[in-house]
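Some notes on the structure that comes next.
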Amino acid sequence: MRSIRIIGGKKLFGTVEVSGSKNAALPILFSTIITRGISVIRRVPDIGDVRVAISILESLGASVIRIGDTLTVDTRSLHYRDPSPTLTSAIRASTYLLGASLSRFGLCRISSVGGCSFSDRPIDMHLYATLAFGGVREGDLISCSKLSGCELDFSIKSVGATINSIIMAASAKGKTVIRGHASEPHIESLIDFLVSAGALISFSEREIIVEGRELHGGDVTVIGDMIEAGSYLAAGLITGGEVTVTGCDVSHLSAFNRAVSMLGASVTAKKSSVTVHSEGRYSFIRVTAAPYPAFPTDLQPIIAPLMARGAGGEIFDTVWTSRYGYLASLTPFGLSYSLKDGYATVNRSDLNAGETRATDLRGGMSALLCALAADGESVIHGAEIIMRGYERPELKLRSLGATVFLE
Ligand code: EPU
């Protein structure tokens with residue numbers, strides 16, 4: 001287990017260029033399974049989850065070469081293999097194997113899927129989609145010689161089930177219509193890749209329409225990571241400094257920018273950058289995390305330390321209704337909170353240096369933010385959990401003036 005040691009209490013200043021989005025890169029990588037060709041995927045973050053995804057692709061016979069942040073993925077000759085539970089249980093995105101494997105090999109096995117364990121994470125919608133395309137389930141195996149297009153109407157907006165459905169529809173026989181779908185920016189990023197590989201997909205708020213095709217290799221640049229962007233903006237704010245993030249579509253940050261403005265930050269959003277600094281006056285704010293374009297659930301653990309440093313706040317997460325476990329890991333930093341009726345109330349708190357363990361990816365970054373704000377030396381254990389989704393955070397934070405060591 002690795003740790004991050006932080007000497008906090010320093011104001012952070014400067015500019016960070018965010019990496020490619022984890023949650024866009026992962027579906028694109030898994031969707032190469034349904035293509036027969038060589039794909040070029042640019043701006044792929046070198047993070048733990050992506051490394052696991054590459055190992056899964058290689059175990060199916062793909063050749064994956066990384067040069068800088070560009071991956072070349074050759075999926076011309078793949079063979080079916082039961083996924084290694086060690087690999088699939090390491091990342092949530094292994095659920096995309098259900099659709100991709102069924103589509104390419106006519107077979108998939110429902111095996112353990114991993115990812116952050118902050119909540120129950122059911123896969124019933126993914127399974128419903130595989131069966132709607134013609135899959136037949138026997139025990140934990142689903143098979144189908146050729147998927148057929150279908151109509152799907154989801155009653156809950158699920159990023160993962162929407163992605164799996166698009167992956168299956170892209171090379172299924174005939175037309176698929178998906179309604180009640182999620183609209184996160186990473187879904188459009190996946191569509192961009194599949195279209196470059198020959199897919200016929202139209203996306204609107206009302207429905208996604210897909211005409212199945214044989215797909216060749218594609219070429220795409222992964223969008224910038226909006227959650228990483230929000231995390232570094234929060235690092236600037238919580239330390240009382242001024243941080244600019246670049247490399248991310250500013251419109252993806254609208255809900256976050258609105259929330260931190262209400263909290264008291266000055267936010268300057270330009271065409272391709274956002275700059276924040278604290279005005280030193282804080283307001284109590286209420287944040288409701290919900291599917292895009294609302295405030296993202298993945299940024300609620302990031303805004304909680306800002307609430308504590310400011311005038312307090314209230315969080316209501318409608319996506320992962322119990323995603324508050326990370327708050328207990330922030331109490332060594334003096335953060336005080338209470339939970340009631342599905343709400344988390346974060347009290348105004350004097351943050352002190354402390355030692356804790358990362359509970360999950362965003363919870364780990366939340367602890368790192370507390371440590372950056374507090375005077376003195378803090379330690380966060382389980383640093384690899386943070387590195388699953390953040391590319392070289394210690395280097396990016398050091399470039400802003402933080403004293404951070406990865407041990
Ligand atoms: N849901 C079901 N049944 C399903 C699938 C989802 O009921 O079969 C429910 C979930 O319980 C949840 C809601 O639908 O209440 C939304 O879940 P979703 O399927 O959208 O989440 P996911 O695809 O498993 C992705 C991200 C998460 C992010 C969520 C929500 C990836 C690899 N993961 O998860 O990212 O929190 O969407 O935006 O893309 C993170 O990056 O830290 C992270 C956890």
Side-chain angles (χ1 to χ4, degrees), residues 18-31 45 47-50 52-53 56 88-100 110 113-132 152 154-167 178 180-190 222-223 225-231 252 255-256 288-303 316-326 342 358-366 385-391 393:
V18 298
S19 303
S21 157
K22 166 179 86 82
N23 291 344
L26 290 168
I28 291 172
L29 279 173
F30 280 103
S31 75
I47 51 176
D49 278 17
V50 163
V52 175
I56 293 175
T88 55
S89 62
I91 58 171
R92 174 70 183 176
S94 54
T95 40
Y96 304 143
L97 266 183
L98 289 174
I110 308 161
V113 291
C116 290
S117 54
F118 45 70
S119 176
D120 274 349
R121 298 183 74 175
I123 58 164
D124 56 303
M125 292 166 66
H126 299 253
L127 297 179
Y128 153 74
T130 57
L131 304 187
L152 293 165
F154 292 118
S155 55
I156 297 175
K157 284 186 192 297
S158 159
V159 172
T162 302
I163 285 172
N164 245 332
S165 304
I166 294 171
I167 289 176
I178 307 167
H181 58 86
S183 303
E184 268 66 4
H186 21 288
I187 289 170
E188 291 199 54
S189 195
L190 169 69
V222 175
I223 55 170
D225 195 314
M226 64 180 189
I227 308 300
E228 188 195 14
S231 303
H252 299 166
F256 178 78
T288 299
Y292 189 82
F295 190 92
T297 170
D298 296 339
L299 282 174
Q300 66 92 343
I302 303 303
I303 205 161
F316 185 55
D317 195 325
T318 66
V319 179
W320 305 112
T321 52
S322 57
R323 191 181 196 172
Y324 303 122
Y326 71 91
T359 49
D360 60 85
L361 168 59
R362 309 301 172 192
M365 180 51 83
S366 186
I385 295 178
I386 300 174
M387 320 290 262
R388 281 185 38 200
Y390 290 90
E391 188 173 44

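As a basis for the values below, the full set of heavy atoms in this structure was taken, side chains included, without hydrogen atoms, waters or symmetry mates. Keep in mind it's a predicted model, so treat the numbers as computed, not measured. Just follow the structure's listing: the first ligand is 1, and inside any ligand the first atom is 1. We number each residue from 1, following the sequence as shown.
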Sidechain-backbone polar pair: Ser189 side chain, His186 backbone, donor-acceptor under 3.5 Å: no
Part of Arg121 with heavy atoms under 4.0 Å of ligand 1, whether side chain, backbone, both or neither: side chain
Atoms in ligand 1 with a heavy atom of Arg92 nearer than 4.0 Å: 24 (O)
Atom pair CD1 (Ile227) and CG (Leu299), whose distance is rounded to the nearest 0.5 Å: 4.0 Å
Element-labelled atoms of ligand 1 that are located less than 4.0 Å from some non-hydrogen atom of Thr297: 30 (C), 36 (O), 38 (O)
Stepwise salt bridge (Lys or Arg N to Asp or Glu O under 4.0 Å) test for Arg323 and Asp298: CA-CA 10 Å; Arg323 191 181 196 172; Asp298 296 339; 2.7 Å; yes
Location of contacts on Gln300 toward ligand 1, heavy atoms closer than 4.0 Å: neither
Option nearest atom 29 (C) of ligand 1 (shortest heavy-atom distance, choices Tyr292, Trp320, Phe154): Trp320
contact_flag His186 ligand 1 heavy-atom lt 4.0 Å: no
Ligand 1 versus Val159: contacting region, heavy-atom distance under 4.0 Å: both
For the student: nearest non-hydrogen atoms of Ser94 and Ile56, plus distance: CB-CD1, 4.3 Å
Residues in side-chain contact (heavy atoms from CB on, under 4.5 Å) contact with Ala53, at least two apart in sequence or another chain: Leu26, Leu29, Phe30, Ile91
Which segment of Arg362 sits under 4.0 Å of ligand 1 when only heavy atoms are counted: side chain
Nearest neighbour of atom 5 (C) of ligand 1 from the list Ala161, Ser21, Pro296, Pro122, on a heavy-atom basis: Pro122
Counterpart residues, side-chain contact (heavy atoms from CB on, under 4.5 Å), relative to Ala100 (two or more places apart): Ile33, Ile34, Ile167
Rounded distance [0.5 Å steps], CG in Leu152 versus OG1 in Thr162: 9.5 Å
Proximity winner for atom 14 (O) of ligand 1, if only heavy atoms of Ile156, Asn23, Leu299 are counted: Ile156
Those atoms of ligand 1 less than 4.0 Å from some heavy atom in Arg323: 36 (O), 42 (O), 44 (C)
Lys22: numbered ligand 1 atoms lying under 4.0 Å from its heavy atoms: 40 (C), 41 (O)
For Gly20 against Pro45, the heavy-atom pair lying closest together: O-CG, 3.2 Å
Where ligand 1 meets Ile123 - atom numbers and elements under 4.0 angstrom, heavy-atom basis: 8 (O)
Ligand 1-proximal atoms of Leu361, by part, heavy-atom distance under 4.0 Å: side chain
From CG (Asn23) to CD1 (Ile187), nearest 0.5 Å: 10.0 Å
Any Glu228 heavy atom less than 4.0 Å to ligand 1: no
Under-4.0 Å heavy-atom contact with ligand 1, by part of Ile227 that carries it: neither
Element-labelled atoms of ligand 1 that are located less than 4.0 Å from some non-hydrogen atom of Lys157: 16 (C)
Interatomic spacing from CE in Met125 to CZ in Phe154 - rounded to 0.5 Å: 5.0 Å
Polar contact flag for Gly160 and ligand 1 (N/O pairs, less than 3.5 Å): yes
Parallel, tilted or perpendicular, as decided by the 30° and 60° cut-offs, for the rings of Phe295 and Phe256: tilted
